[in-house]
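Here is the structure we will look at, set down as C-alpha cells.
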Amino acid sequence: MMIQKPGDSVSPTTGNVRTGLYDPQSIEPKWQEYWLKNKTFKTEADPSKPKYYVLDMFPYPSGDGLHVGHPEGYTATDVVARFKRMNGFNVLHPMGWDAFGLPAERHAVRTGEHPAVITRKNCDTFRRQIQSLGLSYDWDREINTTDPDYYKWTQWIFTILFERGLAYQTEAPVNWCPALGTVLANEEVKDGCYVETGDPVEKRMMKQWMLRITAYAERLIQDLDRVDWPESIKAMQREWIGRSEGADALFKVAGKNCQFTIFTTRPDTLYGATYCVLAPEHPLLLPITTLDRLAEVQAYVEAASRRSAQDRMAAEREKTGVFTGAYAVNPVNGKEIPIWTADYVLAEYGYGAIMAVPAHDERDYEFARKFGLEIIEVVSGGDISRAAFTGDGLLVNSPLIDGLPVPEAKKKISAWLENQGLGKATVTYRLRDWLFSRQRYWGEPFPLVTLEDGSIQAVPIEDLPVVLPPLEDYRPTADGQPPLARAQEWVNFTDPRTGNALKRETNTMPQWAGSCWYYLRFCDPQNRKQAWSKEAESYWMPVDLYIGGAEHAVLHLLYSRFWHKVLFDAGLVSTPEPFQRLFNQGMILAHSYQDSSGKYYYPHQVEKSGEEWLVKETGSTVRVQVEKMSKSRYNVVNPDTVVRELGADSLRLYELFMGPLDREKPWTEEGVQGVHRFLRRIWALFVTEPGDLHPRIQNDSGDHAVTRILHRTVKHVTRDIESLDFNTAISRMMEFVNAATKADRVQKDDMERFLLVLAPFAPHIAEELWQRLGHKETLAYEKWPDYDPTLLIEDLINIPVQINGKLRDTVQVPNGSDSEALIAAAKESEKVQRQLEGKTIVKEIVVPAKLVNFVVR
RNA sequence: GGGCGGGUGGUGAAAUGGCAGACACGGGGGACUUAAAAUCCCCUGGGGGCAACCCUGUGAGGGUUCGAAUCCCUCCCCGCCUACCA
C-alpha cells in the first residue's frame, strides 16, 4: 500500500479558520482531521529506508480517562517521531490498549454487563483524548490486548513456553490476596501487600501455573549490559534477580538417617558454624524434632504460618526461634551443632536452611546473643565480643584454610566440599519463578486442556483463540473456584476429532501477559496468519526508544524481556533484547489544598490571601502541598479542559517545557498560560490582525541578526531533541521568537525553517502557518533544516576578564583574536587597570575565545 | 541498614571546569483603555551606594585548580527504590 501523499485528496477546510487571531479551537481539529483522513502517519516496512521504532508504554484504559501525566511521555515520543520522520527515517509510532484488568471485571460483577462493553467504552474515551493531542500515531496499527484476534497470539506464545518446559503447574505457597480474590506474583507484592492497592496478602498453598523465569536469570542479568537504559532501572533489575555466589553444603542430622543442604555465601566461615536454622516451612523440620520439643516446635510453626508476611518481614522485629532438639554434623570437622527453627530464615530462598555463623553474620550474631549460642571467630580483624565481623581478614581456627584471606578460603573450601561430595560452589538467585495464573474472568484463558488420564495438552494453533465464554455472573463460584468454572459447558467438552472428554483450565493469565509482546504485534498488527511476519519483525525490531514510567522497572520490563528471550531461543525474533533505549519520564504532580482536619479542597475552592491560602467559603486556612495527582486529593488536571481552553499545542509544549523529562514536577495553570502566550506571539509574528501574512516577512531581505539566531536555534533544538532535553529546546525557540518579534524585517526562508523546528512540538500551529506561507502539503515529511555553522560565528565576542579568578570586566574583541590581542584588550579596560594598580602580574591565563585571567600579587 | 537520584532566586529551571540564574512563571513599575481584560515596554538573587560602582551568593565545612554550581573528601537534608535473601 502507498503512503497517501499529503495534500492531494483531502484539503483542509477553511470556515472560520482564516482569521487573524490565534484560535487553536479551529485549527487543531482541522489538522487532526487532515492527518487522519490522509493517513499522514501511516507506515509500511520499507527496507530502502532506515527505520526508527519509537514506543510508548501503552496505557490501561481506565474509566477516569487521561490525566495530564499520561501525555508527558506521549508528547516526548511524538516529538522524537516527528523529528525522525523529518530526518528521513521510516518511523513506527503506534498506540494501543492494555485492556484486561480488574476494574472492568469489577464493573461486570456489579452490573452483569460483559467487561468487553465497558472496556470498549473506555478505549473510545482514551482514543478520543489521545487524538485530540495531535499525536502522530499510525492508527491503522492500533491494538487491544482483549481482542480475541490479539489474545489468540498471546495464547500461542504461552503454548511455546509450555512446549519448551517453561510453564508448569505446582502446589506451592502462593501470595493470596483475599480482597482481590486472586493470587499474585512476587513482583506484585511488597511488604506483604499488593503494590497497586495496598490490600494485604497472605501465604496459601495452592496449585498454580508458574513460568520458569529463573531459567533465564543469568541472561536477564548479563544482557542488561547490551541495552541503553537508565542505570537505576538496570540496578533494580539486577537487585531483583539477586545473583549471589557461594556454595552448597550438606549437613547430616546426627543420629538420624537424613540430611539437608544449605546455601551460604561464606563457605570460608564453615568452621564458625555453631548452629543451623531450618525455616518453619522446611519439610525436614518436624521429622527431626525430638519428642520433648515437638509441641513447642509445632506451636512455633503454626504461629509463623499465621503471621502475615508483613510483620515477618519487619527488620526491626526481634528474632524468635525454637530449638528442635536435633543436631547437625558440620561437614568440615564433624562437630555436632544444634538445629533450630526460626522465621528469619525464609523457606523460599536457597534451600530454606542455613548454617549460622554468628561471629561473621549480623543476623546470626543477634540470634546467638539472644539465645546464648556459641560464637566462634574464624576470620580475624574484628572484635566479636562486640559485634559480628563481616569484613575481609585472615582465617583462624579453621585447620584447612588457616591463614588464608577470605576470597582464597572460599575457593579452597568450596573445592574441598566438592571433592568430598559434601557440596560445591554454586550461584543462587533471589528471583523466583513467575506465578502466572489468576482466579479472574477478564484475562486470557489458558490454551490448555486436561485429558481424562490427567495429562495436560496445549490447544493446537488452529483451535486458537480459546475465547472467553459469556457469563451471567462474573463472581467466583460458591465453592471458591474462579468465575470461569461457572461456564460448565465451556470447561467440560468433547473433542470433536477424537471424542475424548476434555476439561479446560479455569484460571486466566495475569494482566502482564498481553504487554509482554505487544511491541512485536505492532510490527505487523493485521497479520491474520501469524503473530508477526519475520520480515516485519527483522525490519522494525528492536524498539529504538521506549518511554514510560519507572513503576514498571521489575514487572513489565522483566517479564517482557523474559518472553522475548524465549522467543529468541525459539528463532521467532532476531534480537536478544526488545528495548534498546529506555527512558523513564518523571511523575507530574499538582498542588493540593488540605485543612488541618485532613480534608482536601479543589483549587477553585481556595484563594491566596497574603502569605496564606484560605477556603473561600469559610475563611479557614489550608496547607498547600505538591503531591501526586489523584481523585481523592482533588488535584487531577484533565487534559480535555486544557485542550478546550488553551489548545493541544499549549498542552504539548507545557508538558515538555516544565522541566527535564525524567524529573517530577508540579503542574501549574500559570505555566500553561505562559507557553500559550508564546504560541500567540508566534502567531502574531506571521499573521496580522485582519488575517494577512505579516508584512515584516520579506522574501529576500531580513534582519541578519535574526538569521544568525535562527541558525543557532536550529543547531540547539536538533541537539536537544536527540538528547531528550525538550525543555531547553523550547527555551531556544522562545529566544528566537523574542528576537524575531523585535525585528522590523525577517526573511521568509528563516521563518519557514523556524516553523519546521517548531513542528514536532506544536504541530497544529506549525502546519497552519506553513499553509499560510503558501505551502500545499503537510510539513510532516519536510526535510529537517540544516544550519550553517559559519553563521554561528560572531564577528565580535565578549571576553570575561578575571583578576585572581574574580570577574572584573568583559571586553569586546574580534572573534579569532589571539592570546596577545586578548591580553592587550584586557589591559585596556579601565576597570582592569584600576584593579591592577600597584600589583604585579605573576601569570596571565588566556583561553582563546573564552576568557582572560590575571594572577596578581 | 543498603542502592540510586537530588539540594541553585519567591516558583519551574539554565549553565557539567571559564561572565551563576538563560528561558519561563510570579511580583513591581509604566504605556494603551472611560475602566477592566488582553497586549506591549522596563525592572526583578541578597546587601550597600545619589551614582559610576562595590561587596556577597549555587545545602554546610574542607580540599584540588589561575579559576569550582560543576571534580575530590567529610557531613546534613529531601525524594524514589529496596530491605532478615544466608
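Letters go in sequence order (proteins before strands), and every chain restarts at 1.
Rounded to a whole Å, the CZ atom of A:F678 is 11 Å from the C1' atom of B:rA24. As a whole-Å value, the separation of A:E627 CD from B:rC80 P is 11 Å. Between A:M236 atom CE and B:rG3 atom P there is a gap of 15 Å when expressed in whole angstrom units. One interatomic measurement links the two molecules: NZ of A:K319 to P of B:rA86, which rounds to 14 Å at whole-angstrom precision. Remark: P of B:rC80 and CH2 of A:W240 are 18 Å apart, rounded to the nearest angstrom. To the nearest angstrom, P of B:rC19 lies 8 Å from NZ of A:K850. Distance A:I730 CD1 to B:rC25 P: 13 Å, rounded to the nearest Å. Put simply, CD1 on A:I841 is 13 Å from C1' on B:rC66, counting in whole angstrom units.
Phosphate contact (OP1/OP2 of B:rG67, side-chain N/O of A:K806, threshold under 4.0 Å): absent. Residue A:R712 places none of its side-chain N or O atoms closer than 4.0 Å to OP1 or OP2 of B:rA22. Between A:N727 and the phosphate of B:rG12, there is no side-chain N or O to OP1/OP2 separation shorter than 4.0 Å. Between B:rA24 and A:N738, a contact under 4.0 Å exists linking OP1 or OP2 to a side-chain N or O. Checking the phosphate oxygens (OP1, OP2) of B:rU39, a side-chain nitrogen or oxygen of A:R680 falls inside 4.0 Å.
A tilted orientation is assigned to the rings of A:Y22 and A:H676, their planes being inclined by 30° to 60°. The aromatic rings of A:F367 and A:Y275 sit parallel, their planes meeting at an angle under 30°, below the 60° perpendicular limit. The aromatic rings of A:F686 and A:F754 sit parallel to each other, their planes meeting at less than 30°, with 60° as the upper class boundary.
Side-chain atoms of A:Y654 come within 3.5 Å of backbone N or O of A:T668 as a donor-acceptor pair. A distance-only check finds a donor-acceptor pair linking the side chain of A:K665 to the backbone of A:P660 [under 3.5 Å]. Within the 3.5 Å criterion, the main-chain N or O of A:D364 finds a donor-acceptor partner in the side chain of A:D361.
Here the separation of B:rA31 from B:rC78, taken at their C1' atoms, is 45 Å to the nearest Å. Nucleotides B:rC75 and B:rU65, compared at atom C1', are 23 Å apart to the nearest Å. B:rU44 and B:rG5: their P atoms are spaced 37 Å apart (whole Å). Going from the P atom of B:rU70 to that of B:rG61 covers 13 Å, rounded to whole Å. Rounded to whole Å, the P atom of B:rG62 lies 38 Å from the corresponding atom of B:rA24. Going from the C1' atom of B:rG21 to that of B:rU11 covers 13 Å, rounded to whole Å. For the C1' atoms, the distance from B:rG17 to B:rC72 is 13 Å, rounded to whole Å. Here the separation of B:rA35 from B:rC25, taken at their P atoms, is 26 Å to the nearest Å.
Side chain to side chain, A:T810 and A:N798 fail the donor-acceptor criterion of an N or O pair below 3.5 Å. When only modelled atom types and interatomic distance are considered, A:Y349 and A:T428 share no side-chain donor-acceptor pair under 3.5 Å. A donor and an acceptor atom, one from each side chain of A:N175 and A:Y194, are nowhere located under 3.5 Å apart.
Between A:E366 and A:R369 no salt bridge is recorded (no basic side-chain N to carboxylate O distance below 4.0 Å). Taking 4.0 Å as the cut-off between side-chain N and carboxylate O, A:R238 and A:D225 count as a salt-bridged pair.
Distances were taken from every side-chain heavy atom of A:E239 (C-beta onward) to each of B:rG3, B:rA86, B:rC66; the shortest belongs to B:rG3. Counting only heavy atoms from C-beta on, A:R677 has its side chain closest to B:rC25 among B:rA86, B:rC19, B:rC25. Of the candidates B:rC19, B:rC66, B:rC84, the closest approach to any side-chain atom of A:K843 belongs to B:rC66. Closest approach to the A:R808 side chain among B:rA24, B:rC54, B:rC4 is made by B:rC54 (side chain taken as heavy atoms from C-beta onward). Relative to the side chain of A:M734, the nucleotides B:rG12, B:rG3, B:rC23 differ in distance, and B:rC23 lies closest. Side-chain proximity of A:P800 to B:rC41, B:rC19, B:rA15: nearest is B:rC19. The nucleotide whose nearest atom lies closest to any side-chain atom of A:A235 is, among B:rG67, B:rC41, B:rG3, B:rG3. Closest to the side chain of A:R663, from the set B:rC41, B:rG18, B:rA13, is B:rA13. With B:rA20, B:rA13, B:rA86 as the candidates, the nucleotide lying closest to the side chain of A:D361 is B:rA86. Among B:rA24, B:rC54, B:rA86, the nucleotide with an atom closest to any side-chain atom of A:F657 is B:rA24.
B:rG9 adopts a syn glycosidic conformation, its chi angle falling within 90° of 0.
Counting non-hydrogen atoms under 4.0 angstrom, A:R681 reaches the backbone sugars and phosphates but no base. Within 4.0 Å of A:Y429, counting heavy atoms only, lies no atom of the nucleic acid at all. Here A:Q802 lies in heavy-atom contact (under 4.0 Å) with a base. Among the heavy atoms of the strands lying under 4.0 Å from A:G674 are primed sugar atoms or P, OP1, OP2 only; no base atom is included. Among the atoms of the strands shown, only primed sugar atoms or phosphate atoms (P, OP1, OP2) are found under 4.0 Å from some heavy atom of A:E664. No engagement by A:P230 is indicated, since no non-hydrogen atom pair under 4.0 Å with the nucleic acid exists. Using a 4.0 Å heavy-atom cutoff across all strands shown, A:R432 reaches at least one base atom of the nucleic acid. Within the nucleic acid shown, A:R732 has no heavy atom closer than 4.0 Å to any nucleic acid atom. At the heavy-atom level, A:S244 lies under 4.0 Å from the strands shown only through sugar-phosphate atoms. Here A:T810 lies in heavy-atom contact (under 4.0 Å) with a base.
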Exercise. Taking only Watson-Crick and G-U wobble pairs with both distances under 3.5 Å, what dot-bracket line describes RNA chain B, where [ ] shows pairs that cross earlier ones and | shows pairs with another strand?
Worked result: (((((((..(((.....[....)))((((((.......))))))((((....))))..(((((..]....))))))))))))....
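Mapped onto RNA chain B by nearest heavy atom, A:E231 and A:R430 fall at different nucleotides, with A:E231 at the one closer to the 5' end. Residues A:M355 and A:Q673 each lie close to RNA chain B; by heavy-atom proximity, the contact nearer the 5' end of the strand is made by A:Q673.
Among residue pairs with one or both ends in residues 651-660 of chain A, those qualifying as salt bridge (Lys or Arg N to Asp or Glu O under 4.0 Å) are A:D78-A:R652; sequence neighbours excluded.
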